[in-house]
Amino acid sequence: MIPKTFREVIDLGDGREISIETGKLAKQAHGSVVVQSGNCMLLCTVVSNYKASDVDFLPLTVDYREKFAAAGRYPGGFFKREARPSDGEVLTMRLVDRVLRPLFPKDYHCETQVMIQLMSHDENVIPDAMAGLAASTAIQLSDIPFETPISEVRIGRINGEFIINPSLAQLMESDIDMVIGASADSVMMVEGEMNEVSEEEMTEAIKFAHEAIKVQCEAQTKLAEAYGKKDIREYESEEEDEALAKKIHDMAYDKVYAVAKAGSSKQERSAAFTEIKEEITATFTEEEQEELGDLISKYYSKAEKSAVRDLTLNEGLRLDGRQTTDIRPIWCEVNYLPSTHGSAIFTRGETQALATVTLGTSREANMIDMPSFEGEERFYLHYNFPPFSTGEARPIRGTSRREVGHGNLAQRALKRMVPEDCPYTVRVVSEVLESNGSSSMATVCSGTMALMDAGVQLKKPVSGIAMGLITDIETGKYAVLSDILGDEDHLGDMDFKVTGTADGITACQMDIKVKGLSYEILVKALKQARDGRLHILEKLTDTIAAPNSEVKPHAPKMVTKVIPGEYIGAVIGSGGKVIQELQKETKTTIVINEDPITEEGIVEILGTDQEGIDKVIATIDALMFKPEVGSIYEMKVTRILDFGAVLEYIEAPGNDVLIHISELAWERTNNVTDVINVGDTLDVKYLGFDPKTKREKVSRKALLPKPEGYQERPPRDHNKGHRDNRGRNNRGRDNRRDDRRSGESRKEE
């Protein structure tokens with residue numbers, strides 16, 4: 001018997017709906033839900049252990065996977081099974097994790113796993129926009145402690161009108177692509193890209209998305225109540241000692257405040273804070289240290305955070321001595337690496353990124369193969385964050401989720417500024433060499449300069465900045481911080497990264513850790529970020545004012561040529577013979593793609609030697625050469641025959657035609673060599689296709705003046721001659737017969 005199900009429907013306001021349903025699937029999970037829009041269905045489950053883990057943080061895992069069967073497809077590769085998550089799946093995991101994590105109790109340390117699976121795909125629905133709704137609903141249906149329902153929506157804008165959860169086709173027309181995560185009361189996460197929008201436009205988009213999220217949060221509450229809201233489980237909370245907390249605060253606060261106010265470097269500051277902590281720890285006996293060690297460390301961290309925050313709120317000073325709006329010193333350099341196609345260093349304070357650019361053909365495009373999306377990227381960026389960048393030594397376990405996320409943010413910041421007619425596939429790689437605050441924004445800045453150094457004709461340069469926020473709810477004080485440090489990211493209430501040109505925002509990523517952030521503060525942060533972006537942008541353009549007009553001498557030049565579809569085979573040749581020999585001869589790379597709409601051939605020619613590229617173009621032109629009737633062409637004699645000569649078109653080498661001996665001159669020509677010889681050049685007129693000879697016909701004499709008194713011979717009467725041979729005049733035949741007989745007689749004699 002099918003179990004009873006419970007369902008709520010969310011109206012998106014334009015005829016589309018999202019349903020959330022529970023009671024049928026995965027009933028042993030602590031919470032499960034099926035979210036459906038159109039034919040798109042997500043199954044989300046949540047399970048949390050009842051026993052706390054032996055760690056001082058929440059061991060939360062958010063996993064998002066797209067099943068290929070959902071789209072009626074097989075996984076690619078040798079093993080026909082889904083394996084490690086794709087970058088697209090990792091990015092969705094991060095979107096959900098960043099909203100969920102702050103809403104669990106700070107002292108909840110039970111291992112928790114949220115699993116979201118795409119079970120049915122609809123090409124008109126982008127599934128990641130519903131992943132946050134699915135995760136939150138599953139938690140609401142469980143007994144896991146969680147502060148409040150949340151949801152996420154994607155927002156686009158087409159012709160000035162906002163739209164919630166646009167389709168992929170609509171997204172292609174949109175100038176905004178943002179995912180907003182929020183509760184009914186507070187915006188908590190923003191991530192996306194825009195086409196140079198203003199701060200006010202971005203704020204309006206967030207407000208519009210928040211109204212839709214409020215409806216989705218209400219639907220979750222209704223579903224949980226209808227299903228039967230479970231009592232929140234009891235869990236083992238962290239041990240607290242208020243007296244110890246006050247003692248450590250009193251011992252540490254003033255000392256930490258003084259160190260923070262000194263405006264020292266990261267290493268000096270870290271050493272000073274460590275010394276203070278060790279002094280406080282030393283005041284306890286060994287037995288107390290063994291018993292209270294974790295609490296001592298915890299309460300010292302709280303005292304340190306409180307002192308640093310108060311310094312900024314009370315005096316407007318920061319850990320490195322800056323004011324709230326100050327940007328750290330910046331220096332930049334381009335063309336640092338001699339063998340790359342483009343390179344740049346961007347250093348801001350104690351953060352440094354070295355970016356490289358590599359130019360290639362469409363063959364080097366980044367292929368994306370997901371059940372929800374198939375395609376390729378002709379511009380992509382990879383971000384590497386090695387442990388030495390923060391002075392650490394730790395094993396490298398492949399590309400981390402953080403590296404995927406930071407690289408994606410920088411890629412989205414830059415990609416709309418790469419012109420649509422850029423012939424290259426462009427790969428940017430950012431190597432973070434030092435990190436103390438926003439290496440992703442340093443990646444944007446170094447990437448901009450490296451692209452310009454490589455000769456990629458960016459529409460406009462892009463810069464990026466990371467903003468922070470410190471608030472005091474009791475007093476109402478707040479401080480917006482420009483160009484935050486790593487420590488300020490940790491102790492602050494907001495991490496807000498924003499990128500853009502001089503004319504508007506191109507990408508953003510925001511995580512808010514405080515409830516009820518007002519739009520007034522958000523707008524102030526955006527305005528302050530704009531001032532910082534323009535300051536940094538000026539440093540970039542001082543280093544390289546505009547993209548180099550040409551690629552570097554050792555970098556490949558790219559020429560794209562469109563050819564009719566019927567010539568694709570001729571350019572490739574039988575078994576690829578023509579194209580392979582041409583690549584070998586010219587030292588170029590040639591790629592031919594067929595346009596699926598026009599069926600034309602798109603030929604990409606990549607090479608460092610312009611002469612080789614020119615030869616490829618000339619060869620392709622020659623292969624496509626079609627002479628026009630009545631036109632005059634310069635020809636070269638390549639071969640002499642008894643009845644004429646073979647001529648090659650000068651402008652289309654490899655294309656030849658036969659000229660008959662009778663077309664060389666008006667006068668009778670006994671020998672072809674009386675008029676032309678091998679190697680000679682001459683002009684001929686193209687007369688088109690001769691139906692008698694079934695060949696193309698050219699003539700030299702057609703370009704010569706007709707001799708005075710010249711009379712053309714009348715055409716031979718083939719019928720008369722044939723009739724004579726067959727009828728009355730048999731002398732020739734009789735003679736031939738007599739000759740045969742006389743020959744045989746001679747043999748007998």
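As the structure is a prediction and not an experimental result, all values here were calculated from the model.
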Using the test side-chain hydrogen bond (donor to acceptor under 3.5 Å, both in side chains), find all partners of [X] that sit at least two apart in sequence or belong to another chain.
{"X": "Glu193", "result": "Arg412, Lys415, Arg416"}
{"X": "Asn408", "result": "none"}
{"X": "Lys302", "result": "none"}

**Q.** Pairing residues for Phe104 by the ring-ring contact (aromatic ring centres under 6.0 Å, His included) criterion, not counting sequence neighbours
**A.**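 Only Phe146 meet the ring-ring contact (aromatic ring centres under 6.0 Å, His included) criterion with Phe104.
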Q: Using the test ring-ring contact (aromatic ring centres under 6.0 Å, His included), find all partners of His210 that sit at least two apart in sequence or belong to another chain.
A: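 Partners of His210 by the ring-ring contact (aromatic ring centres under 6.0 Å, His included) criterion come out as none, since no residue qualifies.
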Within the side chain of [X], is there an N or O that forms a donor-acceptor pair under 3.5 Å with the backbone of [Y]?
{"X": "Asp531", "Y": "Gln528", "result": "no"}
{"X": "Arg533", "Y": "Ser463", "result": "no"}
{"X": "Thr543", "Y": "Lys539", "result": "yes"}
{"X": "His341", "Y": "Leu359", "result": "yes"}
{"X": "Glu291", "Y": "Glu288", "result": "no"}
{"X": "Gln411", "Y": "Leu381", "result": "yes"}
{"X": "Glu278", "Y": "Glu275", "result": "no"}
{"X": "Thr274", "Y": "Ser270", "result": "yes"}

Q: Determine, step by step, whether Asp320 and Arg269 satisfy the salt bridge (charged side-chain N to carboxylate O under 4.0 Å, His left out) criterion, reporting the C-alpha distance in whole Å, the side-chain angles of both residues, the deciding distance to 0.1 Å, and the verdict.
A: CA-CA 9 Å; Asp320 56 358; Arg269 188 169 59 247; over 6 Å; no
Looking at side-chain heavy atoms only, is the closest gap between [X] and [Y] below 4.5 Å?
{"X": "Met510", "Y": "Met467", "result": "no"}
{"X": "Pro461", "Y": "Leu540", "result": "no"}
{"X": "Val179", "Y": "Val153", "result": "no"}
{"X": "Asp503", "Y": "Lys460", "result": "yes"}
{"X": "Met202", "Y": "Leu526", "result": "yes"}
{"X": "Val357", "Y": "Ser343", "result": "no"}
{"X": "Ile139", "Y": "Thr112", "result": "no"}
{"X": "Phe379", "Y": "Glu377", "result": "no"}

What pairs with [X] under salt bridge (charged side-chain N to carboxylate O under 4.0 Å, His left out), at least two apart in sequence or on another chain?
{"X": "Glu201", "value": "Arg157"}
{"X": "Asp54", "value": "none"}
{"X": "Lys477", "value": "none"}
{"X": "Asp185", "value": "none"}

Q.
Run Lys277 and Ser301 through side chain to side chain donor-acceptor pair (under 3.5 Å) and show every step you take.
A. CA-CA 9 Å; Lys277 182 178 179 180; Ser301 296; 5.4 Å; no
Q: Evaluate the criterion side chain to side chain contact (heavy atoms under 4.5 Å, CB included) for residue pair Val256 and Phe273; output intermediate values, then yes/no.
A: CA-CA 7 Å; Val256 170; Phe273 286 158; 3.7 Å; yes
Q) Which ring-ring contact (aromatic ring centres under 6.0 Å, His included) pairs, counting each pair once, include a residue from residues 279-305, with sequence neighbours left out? A)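 ring-ring contact (aromatic ring centres under 6.0 Å, His included) check on residues 279-305 returns no pairs.
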(Q) Pair Glu111, Ser53 - check side chain to side chain donor-acceptor pair (under 3.5 Å), show working. (A) CA-CA 6 Å; Glu111 185 166 356; Ser53 300; 4.5 Å; no
Q.
If you count heavy atoms of other groups shown closer than 6.0 angstrom to NZ of Lys246, is the number above 12?
A.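 Count not over threshold, so no.
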(Q) For the OH atom on Tyr336, are there more than 12 heavy atoms of other groups (residues, nucleotides or ligands in this structure) within a distance under 6.0 Å? (A)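 Counting other residues, nucleotides and ligands, OH of Tyr336 stays at 12 neighbours or fewer.
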Q: For Thr390 and Glu392, run side chain to side chain donor-acceptor pair (under 3.5 Å): C-alpha distance rounded to whole Å, both residues' side-chain angles, the deciding distance at 0.1 Å, then the answer.
A: CA-CA 6 Å; Thr390 54; Glu392 298 174 276; 2.4 Å; yes
Q.
As a test of understanding, state which of Arg309, Lys266, Arg318, Lys305 forms a salt bridge (Lys or Arg N to Asp or Glu O under 4.0 Å) with Glu488.
A.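 Result: among Arg309, Lys266, Arg318, Lys305, Arg318 is the only option passing the salt bridge (Lys or Arg N to Asp or Glu O under 4.0 Å) with Glu488.
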Q | From CG (Leu95) to CG (Asp97), nearest 0.5 Å | A |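 Rounded to the nearest 0.5 Å, the CG-CG separation comes to 10.0 Å.
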Q.
With rounding to the nearest 0.5 angstrom, report the CD to CD1 distance, Glu304 to Ile248.
A.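 Rounded to the nearest 0.5 Å, the CD-CD1 separation comes to 12.5 Å.
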**Q.** Test item: side-chain donor near acceptor, Tyr478 and Asp493, under 3.5 Å
**A.**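 No, no side-chain donor-acceptor contact under 3.5 Å.
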Q) Cut-off 3.5 Å, side chains only: do Ser48 and Tyr108 have a donor facing an acceptor? A)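 Side chains of Ser48 and Tyr108: pair found under 3.5 Å.
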Q: For Tyr519 and Lys524, run side chain to side chain contact (heavy atoms under 4.5 Å, CB included): C-alpha distance rounded to whole Å, both residues' side-chain angles, the deciding distance at 0.1 Å, then the answer.
A: CA-CA 8 Å; Tyr519 285 103; Lys524 176 177 171 57; over 6 Å; no
**Q.** Residue pairs passing the side-chain hydrogen bond (donor to acceptor under 3.5 Å, both in side chains) test where at least one lies in residues 429-439, sequence neighbours excluded
**A.**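 For residues 429-439: Glu350-Asn436, Tyr383-Ser439, Asn384-Glu431, Ser430-Thr443.
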**Q.** side chain to side chain contact (heavy atoms under 4.5 Å, CB included) between Thr506 and Met194, worked out
**A.** CA-CA 5 Å; Thr506 59; Met194 311 98 195; over 6 Å; no
Q. Where is the tightest heavy-atom contact between Ala344 and Ser446, given as atom of each residue plus distance?
A.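 Looking at all heavy atoms of both residues, the shortest contact is CB-O, 3.5 Å.
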Got a salt bridge between [X] and [Y], using NZ or NE/NH1/NH2 to carboxylate O under 4.0 Å?
{"X": "Asp128", "Y": "Arg154", "result": "yes"}
{"X": "Lys527", "Y": "Glu200", "result": "yes"}
{"X": "Glu236", "Y": "Lys51", "result": "no"}

Q: Mind checking side-chain contact (heavy atoms from CB on, under 4.5 Å) for Pro85 and listing every partner two or more places apart, or none if nothing turns up?
A: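 For Pro85, the residues satisfying side-chain contact (heavy atoms from CB on, under 4.5 Å) (neighbours in sequence not counted) are Arg65, Glu89, Val90, Met93.
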Q: Assess whether salt bridge (charged side-chain N to carboxylate O under 4.0 Å, His left out) is satisfied between Asp495 and Lys513, documenting all intermediate values.
A: CA-CA 8 Å; Asp495 176 17; Lys513 309 167 192 174; over 6 Å; no
Q. Run the side chain to side chain contact (heavy atoms under 4.5 Å, CB included) check on Val190 and Cys508 step by step: do they pass?
A. CA-CA 7 Å; Val190 178; Cys508 72; 3.7 Å; yes
